[in-house]
Every structure is written in C-alpha cells, then in structure tokens.
Amino acid sequence: MGPQMTNGDSVDTFESDRGLNTRVLALSTRAEKVLNTHPRTRGLIASLPHADTSPLRIALLGPYSAGKSMLIAALLRLPPAAVDELVDAAPKTQEPTPYQWNGVTLVDLPGTLSGNDEHSDAARRGMRGADALMIVTTSELPGEAETKAILQALDADGFADRSVVVVNKMNAENSDRDVILDEIRKRLGPYADRVPIVPTDARDYVDAVNDPELTDDQRELLAAESGVDTLTAELRNIIAPGVSSVRPKAQAFELLRVLAEAEQKWVLDGEELGAAETAQKVVDSISRAKGSVLSTLERESDVVASKLKAAGSKLAAGISEKDGNAPADVAGDVAGELVRASTEFDAKFSSSVRTAFDALVAEYGTDVPEPEPWVNDLGSPETTIDASPDDESPFARAVREAAEKAAKAGTRKMHEWIGKVAAGGSEQGSAASNVVTWLNKSRVGQKLLDAKGEMTNGVGKFKPWGKGKAANKVVSAAGKVQWALAVMGPVMGLKSVAQDQGKWMTINKHRKMIRDHFDEEALRQRTGLTDAGKQYLSEWIAEVEQSLRGLTNQGAEISAERETALEGIKSLRDEAEKLVRQAAG
C-alpha cells in the first residue's frame with residue numbers, strides 16, 4: 001500500500017517521511033558501530049532498526065481472553081473451521097503469530113496479565129517489532145495494571161498516533177455502551193482525543209459471516225452492530241501513509257529503546273561494581289588529601305604575602321627623616337618577622353602534608369609512600385645584589401649602587417657567611433656542621449639548637465643522626481636569614497641616597513619605594529611558594545597513585561570503558577530523542 005499523493009500536502013508528507021526514514025537508518029548505522037565496540041552491548045545490534053520494505057505490522061496487544069484471536073478471525077472473515085482452530089485451546093497464543101490482511105501483517109500477540117511471564121515477555125517483544133497497535137480490552141473495563149500498560153504503550157513506547165483502542169465484547173448482556181466508552185475515555189486521560197476508540201463484538205461479526213440460519217437482514221444488522229467494519233476503516237486510516245510514514249516512526253522509537261537498553265548494560269554490579277567503587281574511593285581519598293593541602297598552601301602563602309607587606313610598611317614608617325636610616329632595632333625586627341613568616345609557612349604546610357599522609361595511611365596502610373621533607377627554597381631577585389642587567393631601571397640601579405656604597409663590611413661579611421652556610425649542605429665539615437658543633441658547646445646554644453631535646457642528650461652529645469638533623473636545621477634557618485637580608489637589600493643604602501636628595505629622591509619617595517618593593521616581593525613570594533608547593537604536592541600524589549594502583553587498576557579500567565561507552569551512547573540517544581519528537585509531532 002503506497003502513499004496517496006493526490007495533492008501537494010501529501011507529496012510534502014511523503015518527502016518528510018522519507019527524510020525521517022533516512023535519518024533514522026543513518027543513526028542506527030552509527031549506533032551499530034558504537035554498540036559493537038564492547039561485548040556488553042554487542043548483543044543489542046540485532047535489535048537495531050534496519051532497512052525494511054516488508055508489509056506493515058499491526059500487533060494486537062491486550063490481556064488473555066480479551067478476544068484478540070476472535071478479532072483476527074473477524075477481520076480475516078475466516079470460515080467456521082478456521083475460526084475454531086484459531087481460537088481453540090488455552091492459552092490460545094503463546095508466541096507472536098502473523099496473519100496477512102489487506103496488504104499488512106496482523107500480529108496476534110500472547111495475552112498479557114495472565115500470570116505467565118514468558119507470555120508477557122513475548123508480547124513485549126512483539127509489540128516492539130510492530131509498526132502500529134490494536135490495543136484490545138473488553139467491556140468489563142481494564143483494571144489498574146491493564147490501564148497502566150495501555151498508557152505505557154501510548155506514551156513512553158510512542159504508539160499514541162499509531163494505535164486504535166478496541167473495546168471488545170460490547171454486545172454482552174448488561175453492557176451500557178455509553179457508560180463503558182465514557183469510562184474508557186477517562187482511563188485514557190490525555191490520549192482519549194488522540195486515539196480512536198472502537199467498540200466491537202468480534203463474536204457477533206463471526207456469527208454474522210458464518211451462521212447459516214441468519215437471514216440477510218439479520219446478518220447485515222449483526223455485522224453492522226459488531227463494529228468490525230468501523231475497526232477496519234480505522235486501521236486503514238492508521239496505515240494509509242504506508243511504509244514511508246508509519247515505519248520510520250516505529251523505528252525511531254525502537255532505536256531509542258535499544259539505546260536505553262545499552263545504557264542499562266553499563267549498570268555495574270558484583271565484582272565489577274566493587275572494583276569501580278574501590279577505585280572511586282581511592283580517587284576521592286586522594287582528592288580530599290590533595291584538596292586539604294592545597295587549601296593550606298593557598299592560605300599560608302597569602303599569610304606570608306600579607307606579612308611581607310606589613311613588614312614593608314613597618315620598615316618604611318621607621319625611616320628617619322633626619323638621616324634617612326632605618327633604626328637598627330626596626331630593621332632587626334623586620335628581618336626576624338620575615339624569617340618567622342617563612343618558618344611558620346614551612347611548619348604549617350608540612351603539617352598539612354603530614355595530616356594528609358596520616359589520613360591516607362589510616363585508609364590504605366603502609367602502602368602509602370611518605371612524602372619527602374618539604375624544602376622551602378626561597379629566592380629573591382636581590383639575592384645577588386651586585387647584579388646589573390642591561391634593562392635595570394634607573395631607580396633599581398640607584399638602589400643597588402647606594403647599597404654597595406653604604407653596606408658595612410660586617411653586614412657584607414655576615415651576608416656572605418650566611419650564604420655559605422645555606423649553600424654548603426649539612427655534611428661533616430660543612431659550615432652548618434661547624435655551627436652546630438659551636439652552638440652545642442654552651443647551654444644557651446644547646447637550647448637554641450634543640451629546645452625539645454630531640455637531637456641531643458643535654459650534656460653536649462648528639463643522639464644518633466642528631467648532628468645531621470641539627471645541621472639541616474641550621475641550613476634551613478640560614479637560608480631563611482639569607483632570604484630575609486636579600487629582601488631587605490634595597491634598604492641598605494638609604495642614608496647615602498638620602499644625603500643627596502637633589503640627585504635622588506625625597507624621604508617620602510624612599511618610603512614609597514620600600515613599600516612598593518615589599519608589595520612586589522609579597523606577590524613574587526606568594527606565587528613562588530604556591531608554585532613550589534603545588535609541584536611538591538604533585539610529585540607526592542603521583543607516588544601515592546602509583547603505590548595504590550593495585551587497588552584502582554581494574555576499577556579504573558572498567559570505569560573508563562563505561563564512561564567512554566556511555567558518552568557515545570548518550571550522544572546517539574540525544575539525537576534519537578530529537579527524531580522521536582519529530583516523528584511524534
């Protein structure tokens with residue numbers, strides 16, 4: 001049965017339907033490639049829509065004993081013997097059974113709601129292969145479960161515009177046609193005006209065709225009141241557009257159902273679910289550990305920057321208007337504050353890493369690698385104060401030259417000596433090792449060096465490895481002092497600069513210079529600390545991930561496969577939903 005192209009609208013409909021058919025089949029081809037990539041979904045390929053020019057299939061869906069087989073007999077106008085063979089035995093239909101009628105295939109499905117799960121499953125499969133539905137109920141009215149099944153077919157399964165609802169056995173005694181039809185409309189809800197509702201009595205029609213005792217008038221009256229002729233007309237209306245219209249709609253919905261099943265195939269359970277959950281748990285634990293350390297890193301680097309700015313303001317405010325010098329006590333306090341800021345940062349950052357490590361160990365045991373000790377290698381652009389790059393600004397050059405002229409010999413030697421300690425390591429014979437030996441000779445030195453008694457025994461002797469730890473402590477402290485002095489480098493020659501204000505700057509401008517310098521250093525140090533901390537953390541986290549790989553490999557592989565597969569399926573499903581909306585519209 002082909003499309004009726006008697007006017008322009010019919011031609012447009014035909015072209016539109018042909019375009020829908022092309023898009024559905026193209027999307028189905030793409031879906032086949034996606035489903036074929038994994039054994040989980042490979043079995044669904046056979047259910048995908050494909051090019052099909054066979055006769056349209058109208059499936060009869062309804063509960064056991066609703067009279068579907070008798071309706072088939074009526075539509076086919078079967079003789080008495082064939083009718084008896086068709087409707088005899090119970091349950092009558094166990095598998096979808098095809099019958100040819102008016103150029104289409106009527107598919108008699110097994111009865112639903114009979115308590116036989118195999119029959120219900122077979123009916124469901126047969127419905128999915130149908131192009132249109134004849135939903136059969138009876139004058140006894142569908143119950144709650146049957147009503148739900150009807151609405152499912154019309155709504156989610158997409159048969160609203162490709163169905164007719166048949167209310168069979170309407171000529172039974174005590175049947176009030178108007179009351180029954182009104183109740184059917186209520187149960188169909190929003191679909192009552194979209195789906196044809198046809199009252200029938202298939203038995204009466206079969207009798208009208210086959211009972212030899214009926215007169216022609218009785219036969220004609222009984223056939224007319226049976227509603228089968230009306231049903232025939234409604235079925236022809238549904239299939240009138242032909243293969244190019246009804247089938248693409250059916251295939252679009254079937255494609256969507258197959259893709260939904262493909263997503264369900266990726267719902268994990270058993271060992272796979274356990275492996276994926278374990279892998280995710282490890283990922284979440286590592287993420288929490290990393291997040292807590294990063295939070296501390298950001299917060300404490302901001303604290304260091306804030307303290308640097310405050311130190312610059314304090315130093316600038318302390319500059320004497322009389323001679324342009326920063327008082328020794330102010331400069332000493334500022335240097336001490338910078339050292340303490342760096343030391344506190346190290347302590348808090350290291351503590352956060354240790355806390356993260358302890359939390360991971362509590363969950364996963366000693367497989368978690370211990371992080372290397374944090375080394376805060378602070379740097380400053382003034383670490384080498386005699387550097388003179390070609391693009392040095394006049395102001396920077398003035399500061400450097402003034403610092404060179406005004407630096408006292410003792411300060412210079414101190415700066416050089418601290419640099420030597422910081423750079424010389426902590427091995428035996430190093431400057432740091434010599435400092436430790438010297439400090440440990442006195443009670444004051446011992447207290448400064450080892451207040452908690454972790455490295456010495458309190459009587460001038462070191463515990464095993466104690467001297468090496470003490471030397472490391474000296475190296476770290478020396479590095480911080482060296483950094484603090486370098487940061488304060490631009491302040492060193494203010495007196496000389498201030499004595500020639502006509503050539504250089506006013507005291508207030510020098511104060512601003514100091515504040516600006518410390519502000520710039522604050523930003524530089526915050527960025528440097530953050531970058532160094534992130535790099536340190538990244539290296540440790542990589543070691544943790546490597547050590548816990550035995551717990552995560554299987555689950556991570558499954559999760560990665562699942563994520564990739566679902567991404568591809570979802571993309572196809574989104575497109576299929578658009579086609580379904582177009583088909584339904």
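Quick caveat, the model's predicted, so the values are computed rather than measured. We number each residue from 1, following the sequence as shown.
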* To do: For the residue pair Leu25 and Gln251, establish whether any side-chain heavy-atom pair is separated by less than 4.5 Å.
  => yes
* Asked: Taking side chain as C-beta onward, heavy atoms only, is Thr200 less than 4.5 Å from Val167?
  -> no
* What pairs with Tyr536 under ring pair (Phe, Tyr, Trp, His ring centres under 6.0 Å), at least two apart in sequence or on another chain? -> Phe349, Trp374
* Please answer whether the main-chain N or O of Pro369 pairs with a side-chain N or O of Trp540 as donor and acceptor at a distance below 3.5 Å. => yes
* Asked: Is a side-chain donor or acceptor of Asp161 paired with a backbone partner of Arg194 at a separation under 3.5 angstrom?
  -> no
* To do: May I ask you to say whether Arg354 pairs ionically with Glu370, meaning some side-chain N is under 4.0 Å from a carboxylate O?
  => yes
* Check ion pair Lys534-Glu298 (N to O, under 4.0 angstrom) -> yes
* Is there a donor-acceptor pair closer than 3.5 Å between any side-chain N or O of Asp52 and the backbone N or O of Ser54? -> yes
* Asked: What do you reckon, is CD of Glu563 surrounded by more than 12 foreign heavy atoms closer than 6.0 Å?
  -> no
* **Side chains of Leu35 and Leu48 in contact at under 4.5 Å (non-hydrogen atoms)** => yes
* For the pair Arg128 and Glu261, find out whether any cationic side-chain nitrogen is under 4.0 Å from an anionic carboxylate oxygen. => yes
* Asked: For the residue pair Gly129 and Arg57, what are the closest heavy atoms and their distance?
  -> O-NE, 2.8 Å
* Going by an N to O cut-off under 4.0 Å, is there a salt bridge joining Lys309 and Glu521? -> no
* **Electrostatic pair Arg247-Asp131, nearest N-O below 4.0 angstrom** => yes
* Please list all pairs passing the side-chain hydrogen bond (donor to acceptor under 3.5 Å, both in side chains) test where one or both residues lie in residues 272-281, with sequence neighbours left out. => Arg40-Glu272, Gln280-Asp284
* Asked: So, do Ile58 and Arg162 sit near enough that their side-chain heavy atoms are less than 4.5 Å apart?
  -> no
* Answer yes or no: are there more than 12 heavy-atom neighbours, outside Glu543 itself, under 6.0 Å from its atom CD? => yes
* To do: Taking the side chain as every heavy atom from C-beta outward, state whether Val165 and Val198 have any atom pair closer than 4.5 Å.
  => no
* To do: For the pair Ser350 (side chain) and Ala347 (backbone), establish whether a donor and an acceptor sit closer than 3.5 Å, ignoring hydrogens and angles.
  => no
* To do: Look at the side chain of Ser28 and the backbone N and O of Pro49, then say whether any donor-acceptor pair between them is shorter than 3.5 Å.
  => yes
* Does the pair Lys578/Glu575 count as a salt bridge with the N-to-O cut at 4.0 Å? -> no
* Asked: Does the side chain of Leu579 come within less than 4.5 Å of Arg23's, by heavy atoms?
  -> yes
* Asked: Any donor-acceptor pair under 3.5 Å linking the side chain of Ser301 with the backbone of Leu297?
  -> yes
* Check: Arg573 side chain, Leu259 main-chain N or O, donor-acceptor pair, under 3.5 Å -> no
* So does Glu263 pair up with Lys570, basic N to acidic O under 4.0 Å? -> no
* **Min side-chain heavy-atom separation Ile238-Ser163 under 4.5 Å** => no
* **Pro199 side chain reached by Leu181 side chain, heavy atoms, under 4.5 Å** => yes
